[in-house]
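Order of the sequence lines fixes the chain letters, A, B, ..., with proteins taken first and strands second; residue numbering starts at 1 for each chain.
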Amino acid sequence: MPKTRPLPRGVAMVGAGMSKFGAFAEKNSRDLFVESYKAMTKSVDKGFDPSRIEAMYVGNFSSDQFEHQAHLAPILADAVGLLPIPATRVEDACASGGVALRQGVMAIASGMADVVLVGGSEKMTALKTAEVTEALATAADVAFEIPAGFTFPGFYAAMASAYMDRYGMKSEHLMNVAVKNHDNAALNPNAQFGVTIQNWMEGRVAAAIKKGKPAPTWSTIWDFLHDEGGNPTIAYPLRLFDCSPISDGAASVLLVADEIAHEFSDHPIHIIGSAQASGSALHDRPELTSIPAAKTAATIAYEMAGVTSKDIRIAEVHDCFTIAEVIASEDLGFFAPGEGFKAAEDGVTARNGAKPINTSGGLKAKGHPVGASGVAQAVEVFKQMRGQAEARQVDGDISLALTHNVGATGSTCTVHVYERRN
Amino acid sequence: MLHFVQHDKRENTMSEETTTIRPFTQAAFNQYLAEHKLMTVKCTKCGGVYAPPREICPKCHSDEMEWVEANGKGKLAGFTVIYSGPTFMVEQGFDKKNPYVSGIVELEEGTFISARVTGLDMSKPEEIKVGTSLTVDFAEFGEGEAKKTYLAFKA
């Protein structure tokens, strides 16, 4: 069993940046990573000498499948001029970024390094959609899950079906999560879909008129989201707007030992909890309505940090599908089982709500370049906690924040807890 | 009685020996499926029952397992209707106009497994109920050497 141990040495995040997320025909995972690294270096308040970086961990799910390029880490280290530091690619599916972050935390906490670069990069759009779907499916149990015909939308749809049956949720409730996350992404200049669903719908109507086709008659976003023409079913009960997109993107953060943090910034963000847990294939769990690895990781991260779920002001959670955000919000202890779906409906998880979730737009609307997502979550809390999130800034002091990153259906989960002290 | 011809690679000859115990592997599980048998594995130490097969019991860490045929009854624990499947499903004739159901099935033995689910009205997915009683079925695709048997359950 994983054990809770205090960090043997304090770890601080003193820089964080991301590339724009989206579909970029002219950029590969290397170009995207360099873009995120440059944004990270600009964010370090006092500047720093890159030769102080002693090691690099990079989250990447499958450059082998997506770009026919394995052994990515030294290529990325070279691209940002950091040779000969040890550079390690970390792969735990969509949790690769969160696991890379945890490797960086461990390298510093153990005393093996004082300054570590953590990155995540994924280039997914070079393949056709069907090929991407099949590449992602290799994150599941290929021997015993895939022959049943499951796709990733399908796995999360099966979880949604069980949740709906158990708690009386309707699939319409999930639309509230998508609407909220698009509202947030509309204020994030790095988001892949920086538009509200209202804007999206109006764009569809305008495009139809421009092409001389009959304009759709949606009068509200709810008409649009209920219409197969606007929001087609992908894997019942999940529709297109319940799914995160296929994305290209990268993120980088700079971690340093607490005792030297003041050399980089007077406003470091301390990582005070870092936990990871593993789980079975979806069918080997006692219930489909929660993710055991997430509950384990959350329990350990809270214990390490000496905080409870109530203390967390904002969270970036792994909303690869809308149902995933609902389940995450319960696994993390923010809401009781069966209550998470009401939180988005009631505005509790909105930017101005009591427990803002995914102020970045989440994977759903910011985009989900899988290996980068866990690191990009850390970028968002870094900005929010330091009051640098511009138009989407949450009001008031944010002294505690959390990130939650999931691989596959929950075979891997990382949870990190962040603290701002000044 | 189960008969299994072992290939003895060291002597590069086919042994005459037969055994009642197949290895607890994907290949053996699939071979049983081809024989239209859904097999679970049972830990002889603690009685834990598992499907798919495993060689080591996650409850008591014993490696003394045995194959036990499932009674073939179960119920639907979660499901999805998939309109756009992976290539091998498309090759088996499934698409937007001919969707299919993938499900998590709780076996009467208390363990769960992923399977295709047939016999449901996919034109009304909102009427498909979690908890629906199911019986094991075996879906075959391809001919001759290329024939593959997939685990399915029918409503």
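- At a 4.5 Å heavy-atom cutoff, the contact between Tyr83(B) and chain A is made by backbone and side-chain atoms alike.
- Interface remark: Ala152(B) contributes no atoms to any contact with chain A (heavy atom separation under 4.5 Å).
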Please determine whether side chain to side chain contact (heavy atoms under 4.5 Å, CB included) holds for the pair Phe144(A) and Gln26(B), giving the CA-CA distance in whole Å, both sets of side-chain angles, and the decisive distance to 0.1 Å.
CA-CA 8 Å; Phe144(A) 296 112; Gln26(B) 177 192 5; 3.7 Å; yes
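- For chain A, no part of Glu106(B) is nearby; none of its heavy atoms comes within less than 4.5 Å.
- Going from atom OG of Ser161(A) over to atom CD1 of Ile128(B) covers 9.5 Å, rounded to the nearest 0.5 Å.
- Atom CD1 of Ile104(B) sits about 13.5 Å away from atom CD of Glu287(A), to the nearest 0.5 Å.
- For chain A, the nearby parts of Ile82(B) are the backbone and the side chain; heavy atoms of each come within less than 4.5 Å.
- Per-residue heavy-atom pair counts under 4.5 Å with chain B were compared for Asp141(A), Asp165(A), Thr129(A), and the maximum is reached by Asp165(A).
- With a 4.5 Å cut-off on non-hydrogen atoms, Ala77(B) touches chain A through its backbone and its side chain both.
- Taken to the nearest 0.5 Å, the CD1 atom of Ile146(A) stands 10.5 Å off from the CE atom of Met89(B).
- Closest approach of Ser114(B) and His283(A) over heavy atoms only: OG-ND1, 2.6 Å.
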Please test Phe150(A) against Thr80(B) for side chain to side chain contact (heavy atoms under 4.5 Å, CB included), starting from the C-alpha separation and ending with a verdict.
CA-CA 8 Å; Phe150(A) 273 114; Thr80(B) 179; 3.9 Å; yes
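- Contact count against chain B (heavy-atom pairs under 4.5 Å) is highest for Ala235(A) among Ala235(A), Ala137(A), Ala162(A), Ser171(A).
- Counting heavy-atom neighbours within 6.0 Å of Glu228(A) CD, excluding the residue itself, gives a total above 12.
- Across Gly78(B), Pro99(B), Ser102(B), the residue that shares the most heavy-atom pairs under 4.5 angstrom with chain A is Ser102(B).
- Most heavy-atom pairs under 4.5 Å with chain A: of the set Gly103(B), Pro53(B), Gly85(B), Pro125(B), this distinction falls to Pro125(B).
- Chosen from Met122(B), Arg116(B), Lys129(B), Lys148(B), the residue pairing most often with chain A at heavy-atom distances under 4.5 Å is Arg116(B).
- The candidate with the highest count of non-hydrogen atom pairs below 4.5 Å against chain B, out of Thr233(A), Thr133(A), Thr289(A), is Thr233(A).
- If you measure heavy-atom distances from Phe29(B) to chain A, the contacts under 4.5 Å come from the side chain alone.
- Of all heavy-atom pairs between Asp284(A) and Arg54(B), the closest is OD2-NH2, 3.2 Å.
- With chain B as the partner, the residue from Glu134(A), Arg166(A), Arg285(A), Glu131(A) showing the most heavy-atom pairs under 4.5 Å is Glu134(A).
- The OH atom of Tyr50(B) sits 12.0 Å away from the OG atom of Ser280(A) when rounded to the nearest 0.5 Å.
- When the shell of 6.0 Å around NZ of Lys75(B) is examined, it contains 12 or fewer heavy atoms from other residues, nucleotides or ligands.
- Comparing Val101(B), Leu76(B), Val90(B), Val130(B) by heavy-atom pairs within less than 4.5 Å of chain A, the highest count is held by Val130(B).
- Across all their heavy atoms, Thr151(A) and Pro86(B) have their closest contact at CG2-CD, 3.8 Å.
- With a 4.5 angstrom heavy-atom cutoff, Leu288(A) touches chain B only via side-chain atoms.
- Aromatic ring orientation, Phe79(B) versus Tyr236(A): parallel (interplanar angle below 30°, classes split at 30° and 60°).
- Looking at Ala130(A), neither its backbone nor its side chain comes within 4.5 Å of chain B, counting heavy atoms on both sides.
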